[in-house]
Amino acid sequence: MKNRPKVLVVDDEPQIRRLILAALGRADYLGIEAQNAREAMAMLRDQQPEVVLLDLGLPDRDGLELVPLIKQNPGVTVIVVSARDATDEKVAALDLGADDYLTKPFDTDELLARLRVALRNRVTRTGGSPLLTAGDVSIDLLDRLITRNGDEVHLTPKEFAILEQLAAMPGRVITHKQMMSAVWPRQTEQRVEYLRVLIRSLRQKLEADPQNPQLICNEPGIGYRLRLPAAASTNS
């Protein structure tokens, strides 16, 4: 089973949340919901979604105030979905860091299309390729599908977050701090041994010989890199 992107729907109208969550489910996304700003920030901390669909008219706080707070979390994409259609509102949201702006009422097909674009941009803006092959391992970042010898490999959300960081910039060292910030963005005491446990688990699932890793390589005292063999291929 592939790793489904997690999408947080923040809206105070239950019927809008139900509509969006149903569309997300049909498109194989994992939808979660919040009805106000307080719940949204708690879900952001606890569930670590990849994308937030954000209404601006929340009962306890203006959604515009949440945009820069959400964007403090590395890698999170914000798509505003709001009835506010004034140009200055759209400009303000985008200037504050929103990645896209969709006006209500909306067509769910358009919403899903914008979501696909947002996830594609999330992968490609680092300069990486959405599809990589290294030996018998294939990493499809857009569909979030990992295979080894043609068989699907199930990763936990934290394992996928680590592999996604490495695969977005293959060959480059990703520091311990960068990786821990992506997996545990709200944890003040970041302990590298937690990261090492995840790396060991990834190697068990992906490496031909986990004791002699050739794919996920350690840079002592610095971090890790995803090493693609000379014969590996990347496709954009």
Side-chain angles (χ1 to χ4, degrees), residues 1-7 29-30 47-51 71-77 99 116 118-187 190-236:
M1 180 179 179
K2 68 181 181 181
N3 299 270
R4 296 191 294 163
K6 189 179 294 183
V7 181
Y29 295 104
L30 179 59
Q47 297 294 322
Q48 299 178 25
E50 285 86 359
V51 181
K71 294 298 288 186
Q72 289 177 6
N73 296 266
V76 177
T77 296
D99 298 274
R116 288 193 297 271
L119 289 169
R120 187 181 307 120
N121 289 342
R122 186 172 183 260
V123 172
T124 59
R125 67 189 169 205
T126 60
S129 170
L131 180 62
L132 301 94
T133 303
D136 57 7
V137 175
S138 176
I139 303 170
D140 186 336
L141 294 179
L142 288 185
D143 284 339
R144 302 171 67 84
L145 181 63
I146 314 300
T147 62
R148 182 181 173 199
N149 290 320
D151 297 322
E152 292 187 21
V153 177
H154 175 71
L155 302 182
T156 68
K158 286 183 171 57
E159 289 169 351
F160 185 84
I162 292 296
L163 185 62
E164 183 180 38
Q165 279 212 319
L166 293 167
M169 293 182 282
R172 293 176 55 182
V173 177
I174 310 298
T175 67
H176 295 142
K177 182 177 180 180
Q178 288 173 311
M179 300 172 87
M180 289 186 291
S181 294
V183 179
W184 299 284
R186 296 287 181 174
Q187 188 168 311
Q190 295 183 331
R191 303 178 64 176
V192 73
E193 55 263 36
Y194 297 161
L195 177 61
R196 293 189 180 116
V197 170
L198 287 178
I199 293 292
R200 278 199 300 271
S201 180
L202 273 173
R203 286 171 168 165
Q204 288 291 333
K205 294 178 178 181
L206 299 179
E207 299 275 5
D209 181 2
Q211 301 304 315
N212 182 30
Q214 301 297 310
L215 183 65
I216 302 173
C217 301
N218 182 36
E219 295 294 332
I222 303 174
Y224 298 90
R225 74 170 79 232
L226 183 71
R227 184 168 67 188
L228 298 184
S233 64
T234 61
N235 302 282
S236 53

Find the distance between [atom1] ([X]) and [atom2] ([Y]) and round it off to the nearest 0.5 Å.
X: R144; Y: I139; atom1: CZ; atom2: CD1; answer: 13.0 Å
X: I162; Y: L198; atom1: CD1; atom2: CG; answer: 5.5 Å
X: I174; Y: I216; atom1: CD1; atom2: CD1; answer: 12.0 Å
X: E207; Y: R200; atom1: CD; atom2: CZ; answer: 14.0 Å
X: L166; Y: I199; atom1: CG; atom2: CD1; answer: 6.0 Å
X: D151; Y: S138; atom1: CG; atom2: OG; answer: 12.0 Å

- 4.5 Å side-chain heavy-atom contact, V137 and T147: no

- Show the numbers, then the answer: is there a side chain to side chain donor-acceptor pair (under 3.5 Å) between T175 and Q178? CA-CA 5 Å; T175 67; Q178 288 173 311; 3.2 Å; yes

- Message: Just to verify, what does R196 make a salt bridge (charged side-chain N to carboxylate O under 4.0 Å, His left out) with, not counting sequence neighbours?
- Response: none

- All salt bridge (charged side-chain N to carboxylate O under 4.0 Å, His left out) counterparts of E159, not counting sequence neighbours: K205

Only counting residues at least two apart or in another chain, list the ones meeting side-chain hydrogen bond (donor to acceptor under 3.5 Å, both in side chains) with [X].
X: N212; answer: Q214
X: E193; answer: R191
X: K6; answer: Q47
X: R203; answer: none

Can you give me the closest heavy-atom contact between [X] and [Y], atom names plus distance?
X: H176; Y: G221; answer: CE1-C, 3.9 Å
X: A167; Y: L226; answer: CA-CD2, 3.6 Å
X: A118; Y: T77; answer: CB-CG2, 3.7 Å

- Task: Could you give me the CA-CA distance, side-chain angles and deciding distance for Q48 and V76, then say whether side-chain contact (heavy atoms from CB on, under 4.5 Å) is met?
- Result: CA-CA 8 Å; Q48 299 178 25; V76 177; over 6 Å; no

- Message: Pair V51, L119 - check side-chain contact (heavy atoms from CB on, under 4.5 Å), show working.
- Response: CA-CA 8 Å; V51 181; L119 289 169; 3.7 Å; yes

- Step by step, work out the side-chain contact (heavy atoms from CB on, under 4.5 Å) result for Y29 and E50. CA-CA 11 Å; Y29 295 104; E50 285 86 359; over 6 Å; no

- Test side-chain contact (heavy atoms from CB on, under 4.5 Å) applied to V173 - qualifying residues, sequence neighbours left out: E219, I222, R225

- Query: In this structure, which one of L202, L141, V153 forms a side-chain contact (heavy atoms from CB on, under 4.5 Å) with I146?
  - Reply: V153

